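Working notes, structure below.
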Amino acid sequence: MAEEVRREWFEKDYYEVLGVPKNASAAEIKKAYRKLAQRFHPDANRGNKDAEERFKEISAAYDVIGDQEKRPAYDRVRDAGAAGFAGCGGQEGGPEGWPGGARWQSVDAGDLGDLFGGLFGARSRDRRAAQTRKGADLETTATISFDDAMRGSTVPVKITGPAVCRTCHGSGAKPGTSPTTCSRCNGTGQVSVNQGFFSMAQTCPQCRGTGRTITDPCPTCHGAGTERRTRKFSVKIPAGVRDDATIRLPGRGEPGQGGGPAGDLFVRVKVGGHPLFGRKGDDLTVEVPVSFPEAALGANVQVPTMNGPVTLKVPGGTPSGKTFRVKGKGAPRRGGHGDLLVTVRVDVPESLSKEEKALLKQLKDAQKASPRARLGVS
Ligand code: ZN
Ligand code: ZN
């Protein structure tokens with residue numbers, strides 16, 4: 001039985017968690033659990049932290065009092081605790097037969113884990129830290145043009161949600177007053193509760209572990225330290241940013257709890273298209289038409305880049321679809337630029353002048369070999 005005992009058993013009334021009387025039948029407990037589990041299931045409460053906590057609590061409760069073997073052990077522990085309370089007043093020890101038959105006096109809960117060799121689990125040690133929580137991260141999207149992505153730009157971003165209260169600057173106390181140290185726990189956030197044979201550290205119920213008491217709450221946030229509002233930021237977007245890139249703004253997420261740090265804001269950048277240029281990583285792509293004589297004889301052709309045209313030397317006998325690389329004319333990146341990938345397409349004119357027609361006919365007659373000869377057809 002000893003291995004089954006958990007520290008939480010002293011602190012949590014699992015019957016209360018499931019809303020059933022202490023003498024409830026196993027069927028009643030199961031029914032209550034199913035109803036609550038359905039209601040607070042994470043799938044039905046996406047992103048709802050309270051529901052998530054509740055669901056964990058419900059599951060933990062059912063794990064114990066829904067278990068035929070653990071339930072009587074749990075009941076014994078609870079009874080022992082209650083008996084201890086009734087008889088509190090400095091007498092030594094509680095009921096006999098406690099793990100190892102030892103008689104406990106006042107023991108700091110922090111040492112209990114060592115004494116019981118992990119009997120109560122390591123979780124209890126994180127209790128104090130759990131009271132200060134980092135704020136949630138937020139995500140938003142910023143859309144910029146292709147040109148702005150190349151140049152770099154600064155875009156405005158709006159976020160609506162919990163933010164530090166502007167009236168009390170997050171303290172939760174009315175301006176001119178400040179939170180005082182909790183009188184019950186002296187600011188430690190924990191109190192000792194006599195459980196009969198020893199005392200245990202527990203989250204202070206007066207300040208809920210924050211260690212502070214607010215006597216005069218802030219009129220805007222009623223002591224929460226946060227208010228829902230719209231915040232505006234200017235987000236600097238670096239030149240050469242890629243589509244779907246994420247920019248992190250540390251500390252611009254939701255405020256932390258109990259003095260914990262704020263979360264971060266992640267801005268996802270959506271980059272618009274361009275009528276001429278495409279993008280492959282840090283390289284830009286462009287398609288450039290060339291005439292059949294240019295491709296056949298070779299030519300210097302002008303190609304557009306993000307900063308003006310450049311001349312590309314197309315060698316004679318260039319097939320349609322061949323790609324040339326123009327160094328350093330791509331998207332900006334750390335320490336330089338990507339390249340411009342120029343794909344040439346042999347252009348077939350839709351209409352021809354009399355002279356062009358005559359010359360092409362002459363060319364056709366002069367060509368001895370069929371281009372389809374290697375396919376075995378003429
Ligand atoms: Zn406030
Ligand atoms: Zn307190």
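For ligands, and for the atoms within them, numbers begin at 1 and follow the listed sequence. No experiment lies behind these values; they were computed from the predicted model shown.
At least one N/O/S atom of Cys168, from backbone or side chain, sits under 2.8 Å from the Zn ion (ligand 1). Here His169 does not reach the Zn ion (ligand 1): none of its N/O/S atoms is less than 2.8 Å from the metal.
For the pair SG of Cys221 and SG of Cys218, the angle at the Zn ion (ligand 1) is about 110°; rounding is to 10 degrees. Here the angle at the Zn ion (ligand 2) defined by SG in Cys207 and SG in Cys185 stands at 110°, rounded to 10 degrees.
Counting only N and O atoms by type, the side chains of Asn307 and Thr305 include a donor and acceptor under 3.5 Å apart.
Here the shortest heavy-atom pairing between Arg231 and Gly253 reads NH2-O, 3.3 Å.
To the nearest 0.5 Å, atoms CZ (Arg39) and CZ (Phe55) are separated by 13.5 Å.
Proximity of a side-chain donor or acceptor of Arg229 to a complementary backbone N or O of Val164 within less than 3.5 Å is detected.
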